[in-house]
There are 2 protein chains.
Amino acid sequence: MRTIGYHHGDLRRTVLDAAVDAIGESGLDGWSLRELARRAGVSHAAPAHHFGDKAGLLTALAAEGFDLLADTLKDAGPDFLEAGLAYVRFATAHPVHFGVMFQPKLYRADDTAVRHARERAGALLAQGARAAEASPVGSENTARAGWSIAHGFASLWLAGALSVPPDADPVEAARPVLRRLLER
Amino acid sequence: MRTIGYHHGDLRRTVLDAAVDAIGESGLDGWSLRELARRAGVSHAAPAHHFGDKAGLLTALAAEGFDLLADTLKDAGPDFLEAGLAYVRFATAHPVHFGVMFQPKLYRADDTAVRHARERAGALLAQGARAAEASPVGSENTARAGWSIAHGFASLWLAGALSVPPDADPVEAARPVLRRLLER
DNA sequence: TCTCCATCTTTCCATTGACAAGTTCTTCAC
DNA sequence: GTGAAGAACTTGTCAATGGAAAGATGGAGA
């Protein structure tokens, strides 16, 4: 990989990383394509070649996010609780991706790469739900409950809405909360 | 209320409503202060007098959102399930407010009006959690579980992530899901 | 009636997103 | 090894935007 000269070498990756940094620092509307180009040391129009426009860049981020989520869920295995904790682990490890993924108006949700990655993650989520509920009766609601509680906890954590010690581990904080859904 | 002449009469309210419309149509970055001013029939700098800047307008929206949420929770009473359903009802009835409220980087979360409204809503939420769990042991996790599942369901519903009939009622769809947390 | 001040307008500038056209480099067929 | 084709990037441009500054308007109270 070269980093000097007319051809950057890995501009697509560099701009995506810069976007994650910039959005992480300043929020979903505190960044510009031109700023990313400056950070990457290229001209202001270079990112457009790879992503088209802002929505195109966010589309790439969303696709990458669903893929990372699927990877995390796959590593966690089919256990219901572990899948939920993996979901929280992904969201807190990749907060920018997570934030973009579930704001479909910001990107092209019907993009092929996004659809494939989202379906892969969805299949792994459904697998975790089937592990918890053997009977098919009501299994859809069980799946939605598990997805909801994991998604909700992650969202509230990232929004800073939960009053927790500053150095707390989100996954360990989530464990007793997600358990509430299983044990009673 | 007048709508012509130098003084608009109720520009603040008008611009807030226009912002809700615009964000609802085009998403959180598909709107501009100048567009809102045009919709309201005033000069492009008029909104700045009431809100300062974009973050100021979103701050007003967030404060209004937490107030509306508190109102909805108050109407629902202290029952745990009803509070959760009220949470979903608020989120789906005011999706733009809900979306802004939990993206604190977009506005000034330490604003006085926002803080007061958020604390009022938080107190009502905590009251619903106490109703479910008499013993103080683990009640914090119960509260977080309830908030998480309601927040998660609402977020996923608004993101279009749940596969449901197009005319389905979100509150009725949420009922069996939230029940999973109570009955087992 | 006079004065103060909230409300709104006009003017201005740096920044941005997006497009068009041109330049540099790489790759691959022959 | 060479030359054509295309990918990667640059330069130039334009309308739109956010935000600030300074001025105009009119309502409300003394």
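To find a chain, count down the sequence lines: A is the first, B the second, and so on, and within it residues start at 1. Computed from a predicted structure; not experimentally measured.
By the 4.0 Å N-to-carboxylate-O rule, A:E35 lies too far from A:R38 to be salt-bridged with it.
Counting heavy atoms from C-beta outward, B:F80 and B:L182 have side chains that approach closer than 4.5 Å. Contact check for B:F153 versus A:H151: no side-chain heavy atoms found under the 4.5 Å cut-off.
For A:H49 and C:dC25, the NE2 to P distance is 15 Å, given to the nearest whole Å. Taking atom CG of residue B:L33 and atom C1' of nucleotide C:dC8, one finds them 15 Å apart after rounding to whole Å. To the nearest angstrom, C1' of D:dG18 lies 10 Å from CH2 of B:W31. B:H50 has its NE2 atom 6 Å from the C1' atom of C:dT7, to the nearest Å. Taking atom CG on A:D10 and atom C1' on D:dA7, their separation rounds to 15 Å, with Å as the unit. We find that CD of A:E35 is positioned 21 Å from P of D:dT17, with the value rounded to whole Å. The CG-P distance, from A:L11 to C:dT24, rounds to 19 Å in whole Å.
Residues from residues 53-62 of chain B with heavy atoms under 4.0 angstrom of DNA chain D, sorted by number: B:D53, B:K54.
Shown here are the ring pair (Phe, Tyr, Trp, His ring centres under 6.0 Å) partners of A:H97, two or more places apart in sequence or in another chain: A:H94. For A:T92, the side chain to side chain contact (heavy atoms under 4.5 Å, CB included) partners two or more places apart in sequence, or in a different chain, are A:V88, A:W157, A:L158, A:P170. In this view, A:R108 and A:D53 satisfy the side chain to side chain donor-acceptor pair (under 3.5 Å) rule, not counting sequence neighbours.
For the residue pair B:L178 and B:L81, the shortest heavy atom distance occurs at CB-CD1, 3.7 Å.
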Pairs under 3.5 Å (N/O, protein and nucleotides 11-16 of chain D):
residue, atom, partner, partner atom, Å
D:dG12, O6, A:H44, NE2, 3.3

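Screening residues 71-83 of chain A for side-chain hydrogen bond (donor to acceptor under 3.5 Å, both in side chains) gives A:D71-A:R120 as the qualifying pairs, with residues at least two apart or on separate chains.
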